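What follows is a single structure, written as structure tokens, with notes after it.
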Amino acid sequence: MLIRDIAQFDGKQITLAGWVYNKRSSGKIRFVIVRDGTGLTQCVFSQKDLSPEVFELADKITQESSLYVTGMVRKDDRAPGGYELIATDLKLIQMADNYPISPKEHGTDFLMTNRHLWLRSRRQHAIITIRSHLIKAMRDFFDNQGFILVDTPILTPAAVEGTTTLFEVEYFGEKTYLTQSGQLYNEPDAAAFNKVYCFGPTFRAEKSKTRRHLTEFWMIEPEVAFADLNDIITLAEDFISYIVERVLTKCPEQFKVLERDISKLEKITKPFPRITYTEAIEKLNANSKPVKWGDDFGGDEETVLSNLNDKPLVITHYPAQCKAFYMKRDSNDDKLALGADILAPEGYGEIVGGGQREDDLATLEKRIAEYKLPKQAFEWYLDVRRYGTFPHSGFGLGVERTLAWICALPHVRETIPYPRMLEKVYP
RNA sequence: UCCAGCGUAGCUCAAUGGUGGAGCAUUCGGCUGUUAACCGAAGGGUUGCAAGUUCGAGUCUUGCCGCUGGAGCCA
């Protein structure tokens, strides 16, 4: 019997197993709020109806003690959630020690060192529940469209893109690195399966200390054979509008707990506005955020652009110098890359990065040399161009940034159960 | 790595250079429908660490450590 199903048991006797969330008392009556991981319900202990032992236990029981409580379910408007349990018996599993998270305000550092306990609180519970539904929606979207899930490795040889700082792992005397993206592996996988996606954790050893950064975060990355830049942007629009709609349908209670203004999410319908990098620069200059053509956008610029619309904003045709070596160039202007980033609205910034891949062997070899990457490490990757090369495109979407936007959270750290941040790996 | 702010009870925070307090949590007591219940009482402190200035430092100075925010960095 779970609390989430309590309404079905109105008027019936049930036994709940759970933990004490909070307790209130008045004279000869005790209200124990019980939490079982699926919901909260108020259990009412009246002295006149109970043995002295049971009433005494209900009086003494501490926050987060584990217990079984038996009683009759009753609809009552005075109870939080609309239903309560008129208790007839209480069995203690364990009397909890003095619980550190009291029902008052706490600081971030304290809550993060108690992250394993903080997850029991309503807000955190709501966020992680939405995360679960969000990930299910993401996987369903690709599965329903005939994509094959092809897992990419977490341990990778040599520095792959040569741009970001990677975590080094000693691998039987050899240097390996924790993956920063499944991207390069997705490309041969697309040649094998046509439409593929990978989903897993990625790692960046950057010393970034901002509301948008984690050192360990989750990405879902589709790669589509014979798709061009335009095709992949359309896919991303379909994808984002689908996952937002799904969590809105599945998680109304959780959004209520978070006090999220869901009318803003209801506007997330395709198509999304699309502008080029050059147009974005013009908009920034018009919004007194002058940026030189050729510079990448920083956090401030992303926030300004992100606030321009109600919908995610697609920015295409970045200067090639800002983008990875494998990005295909615009045939009309070799300085531009056929890439697209998508910025979430409400100031949340980049959630998607992707584009069309360079599919010409000679050009790609030239790029590898230009970016001063060790060609030998990329022979397997170049094979995709040697044996039946094909136009293909893909993108990566960061789960935590997307969830932070969907839940309107000020920081990504609450969107993952156990965040890994700069010099923070406990618990 | 750089800049700024902060570090006081288990937690969140007060305290003009002059006897370190409150709320929550804990313990005890009261109240027959509480809604982060309320009311009364009690226990709880090497004021991050080290040095310095001063008759006197939680408060001022220096260094170190830690945290927070931001920058840089970052598909």
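Remember, it's a predicted structure, so these values are computed and weren't measured experimentally.
One interatomic measurement links the two molecules: CG of A:L214 to P of B:C73, which rounds to 20 Å at whole-angstrom precision. Rounded to an integer number of Å, the gap from NZ of A:K209 to P of B:C67 is 8 Å. Remark: P of B:G33 and NZ of A:K23 are 18 Å apart, rounded to the nearest angstrom. Residue A:E64 contributes atom CD, which lies 16 Å from atom C1' of B:G10 at whole-angstrom precision. Put simply, CG on A:N114 is 15 Å from C1' on B:C67, counting in whole angstrom units. Spacing between atom CG of A:L117 and atom C1' of B:C11 amounts to 13 Å, rounded to whole angstrom units. In this structure, CZ of A:R212 is placed 11 Å from P of B:G72, rounded to the nearest angstrom. We find that CG of A:L166 is positioned 12 Å from P of B:C74, with the value rounded to whole Å.
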Evaluation steps, ring pair (Phe, Tyr, Trp, His ring centres under 6.0 Å), between A:Y177 and A:F203: CA-CA 9 Å; A:Y177 302 87; A:F203 307 87; over 10 Å; no
Walk me through whether A:F378 and A:Y371 qualify under ring pair (Phe, Tyr, Trp, His ring centres under 6.0 Å). CA-CA 13 Å; A:F378 292 94; A:Y371 280 73; over 10 Å; no
May I have the step-by-step check of ring pair (Phe, Tyr, Trp, His ring centres under 6.0 Å) for A:F239 and A:F142, ending in yes or no? CA-CA 8 Å; A:F239 177 64; A:F142 291 122; 4.7 Å; yes
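Backbone-only engagement by A:F110 is indicated by non-hydrogen atom pairs under 4.0 Å involving sugar-phosphate atoms exclusively. Among the atoms of the strands shown, only primed sugar atoms or phosphate atoms (P, OP1, OP2) are found under 4.0 Å from some heavy atom of A:R413. At a threshold of 4.0 angstrom between heavy atoms, the contacts of A:P100 with the nucleic acid are absent. A:D341 comes within contact range of no nucleotide atom at all, as no heavy-atom separation falls under 4.0 Å. At a threshold of 4.0 angstrom between heavy atoms, the contacts of A:E350 are confined to the sugar-phosphate backbone, with no base atom among them. When heavy atoms are screened at a 4.0 angstrom cut-off, A:M219 is found touching base atoms of the nucleic acid. At the heavy-atom level, A:R74 lies under 4.0 Å from base atoms of the strands shown. Residue A:E302 is out of contact with every strand shown, counting any heavy-atom pair closer than 4.0 Å. Residue-level contact check: A:G107 touches the backbone only, with heavy atoms under 4.0 Å from sugar-phosphate atoms and none from bases.
Residues A:R204 and A:T215 have side chains not in contact (no heavy-atom distance under 4.5 Å, counting atoms from C-beta outward).
Figure legend. B:U47 is base-paired to no nucleotide; pairs are counted as Watson-Crick or G-U wobble with both atom distances under 3.5 Å. If you check B:A42 for Watson-Crick or wobble pairing at under 3.5 angstrom, you find it paired to B:U26. Using N1 to N3 plus N6-O4 or O6-N4 for Watson-Crick, or N1-O2 and O6-N3 for G-U wobble, each under 3.5 Å, B:G5 pairs with B:C67. B:U19: no Watson-Crick or G-U partner with both key distances under 3.5 Å is found in any strand.
B:C64 sits 25 Å from B:A71 when the P atoms are compared, rounded to a whole Å. Nucleotides B:U27 and B:G10 have their C1' atoms positioned 14 Å apart, rounded to a whole Å. Using P as the reference atom, B:C49 and B:U8 are 10 Å apart when rounded to the nearest Å. Remark: the separation of the P atoms in B:C3 and B:U59 is 24 Å, to the nearest Å. Comparing B:A22 with B:G17, their C1' atoms are spaced 23 Å from each other, to the whole Å. The same atom, C1', is picked in B:G72 and in B:A36; the two are 41 Å apart, to the nearest Å. Comparing the C1' positions of B:C24 and B:U16 gives a spacing of 28 Å, expressed to the nearest Å. A gap of 23 Å separates the P atoms of B:U54 and B:G20, to the nearest Å.
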Scan nucleotides 22-32 of chain B against the protein and return all N/O pairs shorter than 3.5 Å with their distances rounded to 0.1 Å.
{"unit_1": "B:A25", "atom_1": "O2'", "unit_2": "A:N98", "atom_2": "OD1", "d": "2.9"}
{"unit_1": "B:C31", "atom_1": "N1", "unit_2": "A:G27", "atom_2": "N", "d": "3.4"}
{"unit_1": "B:C31", "atom_1": "N3", "unit_2": "A:G27", "atom_2": "N", "d": "3.1"}
{"unit_1": "B:U32", "atom_1": "O4'", "unit_2": "A:K28", "atom_2": "N", "d": "3.4"}

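A:R30 places no side-chain N or O within 3.5 Å of a backbone atom of A:F55 that could act as its donor or acceptor partner. A donor-acceptor pair under 3.5 Å is absent between the side-chain atoms of A:Y277 and the main chain of A:L336, judged by distance alone.
Side-chain contact of A:R357 with A:Q183: a donor-acceptor pair under 3.5 Å is present, judged by distance alone. No hydrogens or angles considered: a donor-acceptor pair under 3.5 Å links the side chains of A:R139 and A:Y197.
Contact check on A:K366 versus A:D360 returns no salt bridge, with no Lys/Arg side-chain nitrogen under 4.0 Å from an Asp/Glu carboxylate oxygen.
Nearest-nucleotide assignment on RNA chain B puts the 5′-proximal partner with A:D300, out of A:T202 and A:D300. Between A:G353 and A:K207, the residue anchored closer to the 5' end of RNA chain B is A:K207, taking for each the nucleotide with the nearest heavy atom.
When all heavy atoms are compared, the tightest approach of A:P419 to A:R115 is CD-NE, 3.9 Å.
Between the side chain of A:H106 and the base of B:C11, no donor-acceptor pair of N or O atoms lies under 3.5 Å. Residue A:E84 places a side-chain atom within donor-acceptor reach of the base of B:G33, judged by atom type and a 3.5 Å distance cut-off alone.
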